[in-house]
Asker: 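First, the structure itself, so that you have it in front of you.
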Protein chains: 2
Amino acid sequence: MEQAISFTEENYLKTIYSLSKQNKGKIANLSIAEKLHINPATVTEMLKKLNEKNLIDYNRIDGAALTSQGESLALKVIRKHRLWETFLVNKLSFNWDEVHEIAEQLEHIQSDKLIRQLDKLLGFPKFDPHGDPIPDKNGQLPQSQAFPLVSVEEPGTTYKLIGVANHTTAFLQYLDKIKITINDKIEIKEIHEFDHSMVIRIGNRTAVMISSEVAKNLLVSAQ
Amino acid sequence: MEQAISFTEENYLKTIYSLSKQNKGKIANLSIAEKLHINPATVTEMLKKLNEKNLIDYNRIDGAALTSQGESLALKVIRKHRLWETFLVNKLSFNWDEVHEIAEQLEHIQSDKLIRQLDKLLGFPKFDPHGDPIPDKNGQLPQSQAFPLVSVEEPGTTYKLIGVANHTTAFLQYLDKIKITINDKIEIKEIHEFDHSMVIRIGNRTAVMISSEVAKNLLVSAQ
DNA sequence: TTTAACTTTTGGGCAAACCTAATGATCATT
DNA sequence: AATGATCATTAGGTTTGCCCAAAAGTTAAA
């Protein structure tokens with residue numbers, strides 16, 4: 001019963017997985033359509049098909065939810081994506097804002113040995129260049145104590161940047177511009193009540209102001 | 001006029017290129033069909049399409065021949081294929097008989113920078129793990145003075161194995177079994193007239209007998 | 001040179017993913 | 001509970017790349 005899975009199907013599973021992690025509620029066809037830039041009608045067809053294949057549970061009322069089989073496939077694709085991103089940055093000197101598109105292609109390459117060996121070459125990394133956790137070969141995600149910087153209420157404390165919640169080129173290039181990168185220390189100097197913008201000090205450089213929108217997308221841990 | 005090219009089209013171009021290098025004559029639809037394991041009718045359709053796109057010159061009488069544009073695309077794919085094979089063997093500890101299928105997938109990944117950086121990581125190799133020449137970024141193939149071992153007429157001389165003309169798993173595993181690999185020295189001890197089988201000495205080990213079929217697929221250079 | 005064997009092409013079809021336009025459901029609000 | 005607004009689905013179409021069977025063209029051998 002070897003069930004072949006197409007690139008397209010893998011992309012749907014990945015999308016459903018990531019939507020299910022961000023919005024806790026029902027996964028609407030429309031949100032899948034928007035994320036994949038395709039027509040909702042197409043989504044309906046594909047969800048029916050994935051349902052048939054037992055990769056998702058789907059009905060009009062509850063929307064789509066991955067079955068355990070579907071989730072494990074999604075995690076496999078995500079694992080590949082994040083390992084390839086790590087490879088591109090760590091071994092091929094890519095910048096973190098250049099790797100997404102290429103990893104979107106590489107994530108569909110099929111070879112278990114390839115991924116095992118790549119993982120080894122990279123030293124079994126737990127997080128990718130954006131701080132996203134890399135599922136292990138069993139689909140287990142490493143624990144992360146990341147929380148968004150915007151959730152901090154009081155100034156005075158120093159945190160460490162361990163990830164970003166937005167992977168757009170625009171955002172990553174903004175971070176490059178204000179010269180902040182993974183593992184940098186961030187000290188909160190001021191929090192402005194009315195718009196929740198912040199003044200932060202990165203490392204021991206001059207303080208900069210960031211909007212709450214930016215703070216929302218900076219994932220930090222204590223100290 | 002950015003002309004997108006599909007995986008399938010790339011595979012046709014690559015196939016036409018390699019057929020044109022081995023058989024000097026006309027490239028028949030049927031030989032393409034056999035190599036790609038598809039129906040001849042499908043080949044006719046695709047050749048027409050590639051002709052439309054100016055990637056090949058095609059007509060029923062002369063068969064298919066790459067245009068310069070088509071050849072340059074074919075060489076690009078071959079470059080990627082061979083660089084990826086080199087990566088798999090040199091960086092990920094694959095055996096040379098395991099890399100073909102994976103490289104068939106990887107060769108279609110689109111990113112010029114990726115290939116530039118991969119080339120650099122590998123130290124700008126000129127030949128892949130099977131001794132096949134890797135086209136440079138301009139599509140230039142390095143010179144190779146390889147000739148098939150079978151073409152040697154007299155015993156007594158020592159050669160160096162620099163490539164293989166057959167990439168099947170079966171042949172490569174046979175070579176592993178008789179423990180011969182790229183760069184090994186081969187001394188010809190005997191040549192049997194009637195079937196052109198040979199007795200050869202690999203390095204300084206015990207001599208072994210090989211058939212002319214094997215000798216045909218061993219590419220060597222002087223000393 | 002004519003028949004047999006082989007190759008190429010045509011014509012009709014199929015499956016995967018996509019689309020648009022129109023219809024049918026559901027939801028939120030008055 | 002009716003009414004818009006929004007979302008999901010259906011129906012009919014497209015493109016790409018494949019198939020088969022039959023027809024047409026080419027080549028080679030009798």
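Quick note on labels: first sequence line is chain A, next is B, and so on, each numbered from 1.
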Asker: Ring centres under 6.0 Å, that's the criterion: do His100(A) and His81(A) meet it?
Answerer: yes
Asker: Rounded to whole angstroms, how far apart are CD1 on Ile61(B) and P on dC6(C)?
Answerer: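 Rounded to the whole Å, the gap is 22 Å.
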Asker: I want to know whether Tyr12(A) and Phe7(A) have ring centres closer than 6.0 Å.
Answerer: no
Asker: Are Lys49(A) and dA15(C) close enough that a side-chain N or O sits under 4.0 Å from OP1 or OP2?
Answerer: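 Checking dA15(C) against Lys49(A), no side-chain N or O comes under 4.0 Å of OP1 or OP2.
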Asker: Asn51(A) has an atom CG; how far is it from atom C1' of dA8(D), in whole Å?
Answerer: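 For the pair Asn51(A) CG and dA8(D) C1', the rounded distance is 15 Å.
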Asker: To the nearest angstrom, how far is Ile38(A) atom CD1 from dT14(D) atom C1'?
Answerer: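 Checked: the CD1 to C1' distance equals 16 Å.
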Asker: For Leu30(B) and Ser6(A), find the nucleotide of DNA chain C closest to each by heavy atoms; which residue's nucleotide sits nearer the 5' end?
Answerer: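 Closer to the 5' end of DNA chain C: Leu30(B).
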Asker: Is there a donor-acceptor pair under 3.5 Å between the side chain of Gln105(B) and the backbone N or O of Gln110(A)?
Answerer: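 Yes.
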Asker: Is any side-chain N of the basic residue among Arg79(A) and Glu107(A) closer than 4.0 Å to the acidic one's carboxylate O?
Answerer: no
Asker: Which of the following nucleotides, dG17(D), dC19(D), dG12(D), is nearest to the side chain of Glu45(A)?
Answerer: dG12(D)
Asker: Would you tell me if any nitrogen or oxygen in the side chain of Thr42(B) comes within less than 4.0 Å of OP1 or OP2 on dC19(D)?
Answerer: yes
Asker: Is Asn39(A) touching bases, backbone alone, or none of the nucleic acid, heavy atoms closer than 4.0 Å?
Answerer: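 Asn39(A): base contact, heavy atoms under 4.0 Å.
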Asker: Tell me the interatomic distance from Leu36(B), atom CG, to dT16(D), atom P, rounded to whole angstroms.
Answerer: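 Value for this atom pair: 19 Å.
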Asker: To the nearest Å, give me how far apart CG (Asp62(B)) and P (dT27(D)) are.
Answerer: 11 Å
Asker: For the side chain of Tyr58(A), starting at C-beta, report the closest nucleotide among dA17(C), dT10(C), dT9(D).
Answerer: dT9(D)
Asker: Need to verify one output field. Residue with the more 5' nearest nucleotide on DNA chain C, Arg60(A) or Glu9(A)?
Answerer: Glu9(A)
Asker: Looking at Lys48(A), does any N or O in its side chain come under 4.0 Å of the phosphate oxygens OP1/OP2 on dT10(D)?
Answerer: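 Yes.
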Asker: Please report the distance, rounded to the nearest Å, between CG in Leu47(B) and P in dT10(C).
Answerer: 12 Å
Asker: Quick one: Asn59(B) CG to dG25(D) P, roughly how many Å, whole number?
Answerer: 15 Å
Asker: Check whether Phe94(B) forms a cation-pi arrangement with Lys113(A) (NZ or CZ under 6.0 Å from the six-membered ring centre, at most 45° off the ring normal).
Answerer: yes
Asker: When the distance from CG of Asn29(B) to P of dC19(D) is rounded to whole Å, what number comes out?
Answerer: 14 Å
Asker: What contact category does Thr8(A) fall into here, base, sugar-phosphate, or nothing, at under 4.0 angstrom with non-hydrogen atoms?
Answerer: sugar-phosphate
Asker: Could you check whether Tyr12(A) gets within reach of a base, just the sugar-phosphate, or nothing at all, counting any heavy atom under 4.0 Å?
Answerer: sugar-phosphate
